Amino acid sequence: MHLLTKKFAGQSIISWFFQIILIWLAWAVHDGTLPNNVTTITFAAVILLTIYWSFSLDRKRSNNK
């Protein structure tokens, strides 16, 4: 877990991971691989909330140092 909280370009690796998942999801909807329905939008909202959560944890760790 310590590896995932290591900073890269100002963000933890886990934050980058969640952002890449969100980009992949948007790309899949654009290409038509995934349908644009309530399930996909809900999944995108959950990913977005986890991104904000990881940013919050990053900021909390920065303030503790």
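Fair warning: this is a prediction, and the values are worked out from it, not measured in the lab. Computed over heavy atoms, backbone and side chain alike; hydrogens, waters and symmetry mates excluded.
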For the atom pair CG (Leu49) and CZ (Phe18), what is the distance rounded to the nearest 0.5 Å?
-> 11.0 Å
Short side-chain to backbone donor-acceptor contact, Asn37 and Thr39, under 3.5 Å | yes
Answer yes or no: is there a donor N or O on one side and an acceptor on the other, between the side chain of Ser56 and the main chain of Tyr52, under 3.5 Å?
-> no
Taking the side chain as every heavy atom from C-beta outward, state whether Thr50 and Phe17 have any atom pair closer than 4.5 Å.
-> no
Output for pair (Ile20 CD1, Ile47 CD1), nearest 0.5 Å, gives 12.0 Å
Test side chain to side chain contact (heavy atoms under 4.5 Å, CB included) applied to Leu34 and Trp24, step by step | CA-CA 10 Å; Leu34 288 175; Trp24 172 81; 4.1 Å; yes
same_hphob_cluster(Val29, Phe43) at 4.5 Å side-chain heavy-atom cutoff | yes
Leu22 reachable from Val46 in the ILVMFWY side-chain graph, under 4.5 Å edges | no
Taking all non-hydrogen atoms of both residues, which atom of Thr40 and which atom of Pro35 are closest, and how far apart?
-> OG1-O, 2.7 Å
